[in-house]
Amino acid sequence: MSTTPSFTHSKTTQAIPMFNPTNELAIIGYHNINKALEGVLKSGTYISGPAVLKFEEAAASYMGCKYAIAVSSGTMALELSLKATGVAAGDSVTINANTFVAVAEAIIAAGGKPHLVDTDAKNWQMPKVFTENTVLASHLYGNASAAINSNTNILIEDASQSFGAKLNGKLLGGFAPITAVSLYPTKNLAATGDAGVIFTNNEAYAQKCRALRNHGQTGHQLHQYCGTTGRMDDMQAAILTLKLDHFERFLQERRHLAALYTHKLKDTPLKLPVTEPNLEPATNLFVVRTKYRDALRSHLEKQQIASGVHYPTPIHQMPAYASLPWAQVSLPEAELLALETLTLPLWVGMTEEQVNKVCNEIYRFFEDGK
Ligand SMILES: Cc1ncc(COP(=O)(O)O)c(C=O)c1O
């Protein structure tokens, strides 16, 4: 009952993998991708070139905001967003304990100190908080965090897992003055390598992020800030622009698959995701809960069905941080969620038969006396 299965996302021999990012590329058409990549190669500009500018325009237009700043990863997008808003040495930044560890890394890289809050037991998201700290609200799985309604001076959104979701008709990422999004290959808007993007309407924030991603440069050989190498390359930008053209279709598929899972699993003992009635989700991860998580994973693995855990260890219990003073907290909901959370396979191109197979095996597991 307690053995943790050893499989990972990258195992390709399983009949049903966790993700399959190649379907999106097939839908776009490899001839179109080859043409776009050939254009980049022939342009002779491979970083911060015309393809990056084109992607930034398309991304800002999708988000309905003034500036999109293309960067090298979601973690970089978070770090630069924090620095642009003025997070300084020793500043606390409030985050959820059950978000991805990159959020804590970015705060520390920006000179700040993570301040962890417990998970909302109702929807497994970061709750609304009252604080003078900067609040960095990660929306998880494709759903929305109420932390965007926090009473705070500075709010940053992390829409990495919920890019494309709409709350009251407005895209997540459009609620804070600055938003970071990961474009990692398994995300809703997925690059074929590392990439990220920052959204803002604030010109000063945009200028600072642009400078910081390029060694703090503000003019020819003039380095106003201590920056970094955080730029996006043109090959990724060219593919991402094509992906954006098909993004609504990809989101529809994700929503359809999530609705199928929800419908088919409603009579199992699993706890299913709870979304706000005014939320149009953008399911990146179909996350369920059960106290029999590890046994269910083992059962699925035996049937050649992959599954994931996002995430098995809350940030304050990670070896990297567990001994640090700010990690000396007890956050019971986040700790319980880490033991119970289970992510089922979901990707663009997954068939209804595959969803059925996963659900049937889950029924079989619980019928066997759980
Ligand atoms: C919620 C969240 N924030 C930040 C990140 C970091 O993004 P990246 O891996 O592109 O650096 C991720 C990526 O998995 C994420 O899921």
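Remember, it's 1-based here, ligands and their atoms both numbered in the order they're listed.
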Next on the checklist: Taking the basic N atoms (NZ, or NE/NH1/NH2) and the acidic carboxylate oxygens, is any pair closer than 4.0 Å for Glu38 and Lys42?
Outcome noted: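 Salt bridge flag = yes for Lys42 with Glu38.
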
Checklist entry - Are Phe199 and Tyr62 close enough that their ring centers fall under 6.0 Å? => result no

Atom pairs, nitrogen or oxygen, ligand 1 to protein, under 3.5 angstrom:
from, atom 1, to, atom 2, distance (Å)
ligand 1, 3 (N), Asp158, OD2, 2.8
ligand 1, 7 (O), Ser182, OG, 3.2
ligand 1, 10 (O), Gly74, N, 2.9
ligand 1, 10 (O), Ser182, OG, 2.7
ligand 1, 11 (O), Gly74, N, 3.3
ligand 1, 11 (O), Thr75, N, 2.8
ligand 1, 11 (O), Thr75, OG1, 2.5
ligand 1, 14 (O), Lys187, NZ, 2.8
ligand 1, 16 (O), Gln161, NE2, 3.0
ligand 1, 16 (O), Lys187, NZ, 3.1

Next on the checklist: Just by distance, no angles: are the side chains of Ser73 and Asp194 close enough, under 3.5 Å, to form a donor-acceptor pair?
Outcome noted: no

For a quick test of your reading: what N or O donor-acceptor pairs under 3.5 Å do the side chains of residues 49-57 make, sequence neighbours left out?
from, atom 1, to, atom 2, distance (Å)
Glu56, OE1, Arg210, NH1, 3.3
Glu56, OE2, Ala70, N, 2.7
Glu56, OE2, Arg213, NH1, 2.9

Donor-acceptor pairs are to be reported for all side-chain atoms of residues 81-91 against protein atoms at under 3.5 Å, with residues two or more places apart or in another chain.
from, atom 1, to, atom 2, distance (Å)
Ser81, OG, Ala77, O, 2.6
Lys83, NZ, Glu79, OE2, 2.9
Thr85, OG1, Ser81, O, 3.3
Thr85, OG1, Leu82, O, 2.9
Asp91, OD2, Ala88, N, 2.8

Checklist entry - Among all residues two or more places apart in sequence or in another chain, which pass the salt bridge (charged side-chain N to carboxylate O under 4.0 Å, His left out) test with Lys266? => result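 Salt bridge (charged side-chain N to carboxylate O under 4.0 Å, His left out) list for Lys266, sorted by chain: empty.
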
